[in-house]
There are 2 protein chains.
Amino acid sequence: MKKPNARDRILETAGELFFQRGYSGVGINEIIDKAGTAKASFYQHFPSKESLCEAWLQEMHDRSIDYHAQLLDSGMPPRDMAAAYFTRLADFLQAGDFRGCPYSNTGAVSDENCCGIVRLIRLHKESTRDFFRRIATRAISDEARAAAIGDRLFVLYSGASSEAQNLKCLWPVEVARDAAVELLG
Amino acid sequence: MKKPNARDRILETAGELFFQRGYSGVGINEIIDKAGTAKASFYQHFPSKESLCEAWLQEMHDRSIDYHAQLLDSGMPPRDMAAAYFTRLADFLQAGDFRGCPYSNTGAVSDENCCGIVRLIRLHKESTRDFFRRIATRAISDEARAAAIGDRLFVLYSGASSEAQNLKCLWPVEVARDAAVELLG
DNA sequence: AGATAAACAGACAGACTTGTCTGTAAAGAT
DNA sequence: ATCTTTACAGACAAGTCTGTCTGTTTATCT
């Protein structure tokens with residue numbers, strides 16, 4: 001019987017619900033019901049729904065940073081790294097019912113005054129761009145060309161997530177993976 | 001003094017607001033206020049908010065079909081067609097305060113039971129994919145290869161819109177355009 | 001002029017939302 | 001044993017939302 005503290009239960013439950021139905025599609029009442037906590041407990045740990053969202057994005061971002069570092073340290077050739085990344089993306093999307101990128105989805109419903117959320121989205125996106133640039137740098141000697149190819153991989157990755165969500169299918173990810181392999185091969 | 005009928009005013013106002021702040025971020029009361037109509041008039045023309053959204057998506061889709069046909073009939077070489085398309089996308093995003101793709105943004109907040117909306121999003125995305133495949137077919141003789149490159153252009157296009165929105169900048173579109181030119185050149 | 005259609009104004013219902021508040025129960029620490 | 005922290009339960013405020021309703025005004029057509 002897992003019984004972590006209330007904060008962790010809230011964060012985990014909110015993460016699942018936010019991912020599945022979007023930040024604006026889930027209310028606090030549902031979160032605390034499913035997490036089995038009282039509303040007062042919620043507001044003891046999070047000053048607002050927005051700050052809960054920030055904690056969720058931050059947690060995913062931390063995990064993403066770990067994964068990027070792990071992949072870059074794996075010793076694989078860059079082409080295989082990119083292929084592994086896209087294969088994992090395909091698994092992730094399929095497992096999550098093609099809900100796409102949580103950051104982009106959250107960004108689509110948060111206006112400019114949610115500056116904490118917007119900041120985290122931008123942070124994560126820039127860090128993912130940087131990850132792809134690092135991969136490209138290992139495959140391409142010309143520095144400027146490597147940066148351009150890295151950005152290209154990043155754009156392909158984003159489009160693959162987005163269209164897999166819209167079309168509820170996997171081919172955009174496969175297309176992006178093939179393109180990435182060609183660009184790095 | 002333009003004074004179209006109430007339905008047109010509602011549709012135009014809703015279009016601007018949906019685009020700017022997202023489908024779920026705009027209420028009917030605001031729409032009818034800004035359109036200068038009564039609520040009863042709204043429900044005389046649209047049975048629900050969802051059907052208003054469908055009318056909006058349909059209208060944009062029709063315009064998009066026209067633009068695609070016009071571009072394909074322009075007599076430009078395929079590489080220039082794609083370049084023109086991405087340049088226009090950049091203008092569109094900049095003019096609209098980097099709000100990204102209305103279809104993807106709407107898809108991010110509509111669940112599966114909004115089946116009319118989901119259908120239109122899928123329709124539009126498939127039609128855009130088809131547009132890129134047609135461009136690729138004119139530049140690449142091998143049929144299978146052309147289809148694959150067309151899909152790649154489509155994924156680049158989607159990623160460019162999405163990341164231009166997230167990062168509030170234009171470089172993803174420029175990256176996608178350069179990649180498209182390379183793929184077709 | 002009289003009939004018909006369309007748009008007007010706006011109250012209202014019912015169900016949601018976030019966030020605050022009061023009070024209670026169960027732990028662990030000194 | 002008492003004190004403090006943490007969590008529980010849930011009512012409540014104040015506002016939002018969509019959609020329905022009654023009734024009035026304006027315009028067009030015959």
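All figures in this text were calculated on a predicted structure; none of them were measured in a lab. Just so it is clear: chains get the letters A, B, ... in the order the sequence lines come, proteins before strands, and each one is counted from 1.
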With B:P102 as reference, evaluate B:H124, B:Q20, B:M60 under the side-chain contact (heavy atoms from CB on, under 4.5 Å) test and give the passing residue.
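Going through the options one by one, the only one that passes is B:M60.
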May I ask you to say what B:A38 touches in the nucleic acid, namely base, sugar-phosphate or nothing, with a heavy-atom cut-off under 4.0 Å?
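Counting heavy atoms under 4.0 Å across all strands, the contact made by B:A38 includes a base.
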Contact class for A:G36 vs. all strands (heavy atom < 4.0 Å): base, sugar-phosphate, or nothing?
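Sugar-phosphate: the residue A:G36, judged by heavy atoms under 4.0 Å, touches backbone atoms but no base.
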Mind calculating the distance between [atom1] ([X]) and [atom2] ([N]) to the nearest angstrom?
| X | N | atom1 | atom2 | value |
| --- | --- | --- | --- | --- |
| B:Y43 | D:dG19 | OH | P | 4 Å |
| B:E30 | D:dG15 | CD | P | 18 Å |
| B:N29 | D:dT18 | CG | C1' | 8 Å |
| B:F42 | C:dA11 | CZ | P | 20 Å |
| A:N5 | D:dC8 | CG | C1' | 15 Å |
| A:D8 | D:dT6 | CG | P | 13 Å |
| A:I32 | C:dT18 | CD1 | C1' | 11 Å |
| A:I28 | D:dG15 | CD1 | C1' | 15 Å |

Phosphate OP1/OP2 of [N]: any [X] side-chain N/O under 4.0 Å:
| X | N | answer |
| --- | --- | --- |
| B:S41 | C:dC8 | yes |
| A:H45 | D:dA7 | yes |
| B:R9 | C:dC8 | yes |

Which of the following nucleotides, C:dC8, C:dG10, C:dT22, is nearest to the side chain of A:A40?
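Shortest atom-to-atom distance from the side chain points to C:dT22.
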Please confirm whether the ring centroid of A:F92 lies under 6.0 Å from the ring centroid of A:Y157.
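Ring centroids of A:F92 and A:Y157 are no less than 6.0 Å from each other.
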